[in-house]
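Take a look at the structure set out below.
Ligands are counted one by one from 1 in listed order, and the atoms in each one are counted from 1 as well.
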Amino acid sequence: MKSKTNDMWTRAKRVIPGGTSLFSKRPELHLPNLWPSHFSSAKGCIIHDLDGQQYIDVSLMGVGTNVLGYAHDPIDQAVISNIKLGNMSSLNCSEEVILAEKLADIDDCIEMVRFTRSGGEANAIALRIARAATQRDVVLICGYHGWHDWYLSTNLKQDKLKAHHLAGLEASGVPSSLAGTTLSFNYNDIEGLKYLLQSNRVAAIIMEVTRNIEPHDDFLLKVRNLATDNGCVLIFDECSSGFRQTFGGLYTDYNVTPDMVVYGKTIANGYALNVVGGRRDVMDAAQKTFISSTFWTERTGPTAALATLSEMERLNSFDHVLNVGRRVKKNWTKIASDAGIKVEITGIDAIPNLTFEKDHLLYKSFLTKTMLAKGYLASTMFYCSIAHTDLVLEQYFEHLSETFDLMKQYGRDKIMSELDGSVCHSSFQRLN
Ligand SMILES: Cc1ncc(COP(=O)(O)O)c(C=O)c1O
């Protein structure tokens, strides 16, 4: 189909390897040829593409960045007014000091922080500090922690990351000498973790608090104790989970405190800022090594984060987001069961995730295609936000219910022919 948006994607693939710098924004991951690639404006949960077509975003919400909705006025105003005063200068901006103090007030684990602009680099910093603090090399991971050499080296010998992020991530370009420096363990597998700790001198355990699986049998507490007993640094990577359904880390729901914590995505509601925080004695090791970057000191990031935190408190966004997520999970369960289609619903409440028991990619593609035609950016993952009001949700559930009814009526073969080969990709693959 010829459109300005489609043309832009064709142009993008010619000049940007993979078409975009963020894997999750590849249209092929959602619905090849139909999922819009580029936007002209975004407000609340409404996005317009380059052709002026309007969509209600009930899925990615900036890939998890905008819990307060797109272009939230008080945040934009704070940023714009500081831009007018000057975004960059030869001197430091005071906003980062005020933000560091605020984070230390909010978060039990934080006494000192460093700032970055992306989650991958924040985790790389956290690890460097942990290695400097312990003078050890090996790192144990559980979850997704970015694109850097240290993380991707997990895949040098085997596709270990398929259990944590995506299948098929090649470690091409990562020095083979890194093999064995980052090892992975499975969520809830405490014996596996113990084994790795016994057979290596481990600097840090870095993990997501939880993503799709709930901790069983005091897993997080046991990890905490093992980290303490083995003298290694426990880092919770809360790039995705933090400041979403809790005002601070999701870890507070589990009464387990890490030594370091990493926040990103939500903390500046779509502006670029990530935080590496932790106890003073650990964070101070940042002074034994060199960690420094020009644009970690620009002003929009901390300005937006300060405005975001105060808006989150003013609006109790975390309660609202939790409530939205619970409603989504409840309605997905009902809609699927009414249509007699078997699904599994997982994920923390703020990020519900739905998996079709049979032919997941096929059904997911059909859902997306049908909902796109109704004006929704819908998928099987829903990053909840305060822009998802009662009205938005009610109308979404109605359209989704019609979509499931259609799936039931059509069955697998007709769904296949309706999709005409346009099925979403499931793993990492070349686009050009
Ligand atoms: C838990 C977690 N860690 C790290 C990252 C990487 O963050 P970024 O994409 O900002 O580099 C992500 C991104 O999805 C994430 O979910």
Within the protein, flag every N or O under 3.5 Å from an N or O of ligand 1, and note the pair and distance.
| from | atom 1 | to | atom 2 | distance (Å) |
| --- | --- | --- | --- | --- |
| ligand 1 | 3 (N) | Y144 | O | 3.1 |
| ligand 1 | 3 (N) | D237 | OD1 | 3.3 |
| ligand 1 | 3 (N) | D237 | OD2 | 2.6 |
| ligand 1 | 10 (O) | G119 | N | 2.8 |
| ligand 1 | 11 (O) | G119 | N | 3.3 |
| ligand 1 | 11 (O) | G120 | N | 2.8 |
| ligand 1 | 14 (O) | K265 | NZ | 3.1 |
| ligand 1 | 16 (O) | R211 | NH2 | 2.9 |
| ligand 1 | 16 (O) | S240 | OG | 2.7 |

So, do R299 and E95 sit near enough that their side-chain heavy atoms are less than 4.5 Å apart? yes

Does the separation of the ring centres of H388 and F382 fall below 6.0 angstrom? yes

Name the atoms and distances for all side-chain donor-acceptor pairs under 3.5 Å in residues 353-363, with sequence neighbours left out.
| from | atom 1 | to | atom 2 | distance (Å) |
| --- | --- | --- | --- | --- |
| D359 | OD1 | R412 | NE | 3.3 |
| D359 | OD2 | R412 | NE | 2.8 |
| H360 | ND1 | F356 | N | 3.0 |

Dump the intermediate steps for salt bridge (Lys or Arg N to Asp or Glu O under 4.0 Å) on D259 and R224, then the final yes or no. CA-CA 9 Å; D259 303 306; R224 168 68 279 177; 3.1 Å; yes

Among residues at least two apart in sequence or on other chains, which ones pass ring pair (Phe, Tyr, Trp, His ring centres under 6.0 Å) with Y151? Y144, H145

Pairs satisfying ring pair (Phe, Tyr, Trp, His ring centres under 6.0 Å), at least one member in residues 199-243, at least two apart: Y187-F219, F243-F247, F243-Y263

